[in-house]
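Presented below is the structure to which this report refers.
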Amino acid sequence: MLGRELLDEYQFEIEFPFGLPDGNWNGKPIREMETIHIRNCMDIVRDVDDGWYELFEAELKRRHFGE
């Protein structure tokens, strides 16, 4: 059972290298992050984690269009 748990954890890390894209980056809501911080995070996750990239992109669009 322990071996399976380790494999599951490893698979999770492969699929979500930056954790689940839940709207909180390192415990801080994306909406509270400064724009430059979001852009820097987008550079980090680009080509690695589409879920996070899309969340960051959506937040920048929200700010730009004032939704």
Side-chain angles (χ1 to χ4, degrees):
M1 195 67 167
L2 179 59
R4 182 68 201 159
E5 290 173 5
L6 290 174
L7 287 174
D8 289 344
E9 184 176 327
Y10 180 71
Q11 184 64 34
F12 178 85
E13 290 177 13
I14 289 172
E15 292 179 22
F16 304 102
F18 302 100
L20 286 174
D22 61 359
N24 293 300
W25 182 259
N26 288 334
K28 184 171 187 172
I30 293 173
R31 288 181 174 245
E32 294 178 10
M33 293 168 61
E34 293 184 23
T35 299
I36 190 69
H37 188 185
I38 292 173
R39 291 181 194 272
N40 288 337
C41 290
M42 288 175 79
D43 288 341
I44 292 169
V45 302
R46 184 184 322 274
D47 301 324
V48 180
D49 195 317
D50 293 339
W52 276 110
Y53 190 88
E54 290 171 5
L55 282 177
F56 291 133
E57 187 175 50
E59 175 58 20
L60 293 179
K61 286 179 183 177
R62 184 192 70 79
R63 291 176 185 193
H64 180 72
F65 295 112
E67 295 176 11

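None of these values were measured; they are calculated from a predicted model.
- The side-chain hydrogen bond (donor to acceptor under 3.5 Å, both in side chains) check on R39 picks up nothing, with sequence neighbours excluded.
- You'll find the side chain of C41 reaches within 4.5 Å of the side chain of M33, heavy atoms only.
- L60 and F65 are members of different hydrophobic clusters when ILVMFWY side chains are connected at heavy-atom separations under 4.5 Å.
- Using a 4.5 Å cut-off between side-chain heavy atoms of Ile, Leu, Val, Met, Phe, Trp and Tyr, with links allowed through other members, L20 and Y53 fall into different hydrophobic clusters.
- Hydrophobic clustering places L55 together with V48 (ILVMFWY residues linked when any side-chain heavy atoms are closer than 4.5 Å, directly or through intermediates).
- A pairwise comparison of heavy atoms in G27 and P29 identifies O-CD, 3.9 Å as the closest pair.
- For the atom pair CG of N24 and CD of E32, the computed distance is 8.5 Å after rounding to the nearest 0.5 Å.
- The side-chain heavy atoms of D22 and W52, taken from C-beta on, include a pair separated by under 4.5 Å.
- Closest approach of R31 and R63 over heavy atoms only: O-NH2, 3.4 Å.
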Requested in this report: Show the numbers, then the answer: is there a side-chain contact (heavy atoms from CB on, under 4.5 Å) between H64 and K61?
Outcome: CA-CA 5 Å; H64 180 72; K61 286 179 183 177; 5.6 Å; no

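- In this structure, F18 and W25 have tilted ring planes: the angle between them lies in the 30° to 60° band.
- Atom-to-atom distance recorded for H37:NE2 and T35:OG1 is 11.5 Å, nearest 0.5 angstrom.
- Heavy-atom minimum distance, P21 versus G51: CB-C, 3.8 Å.
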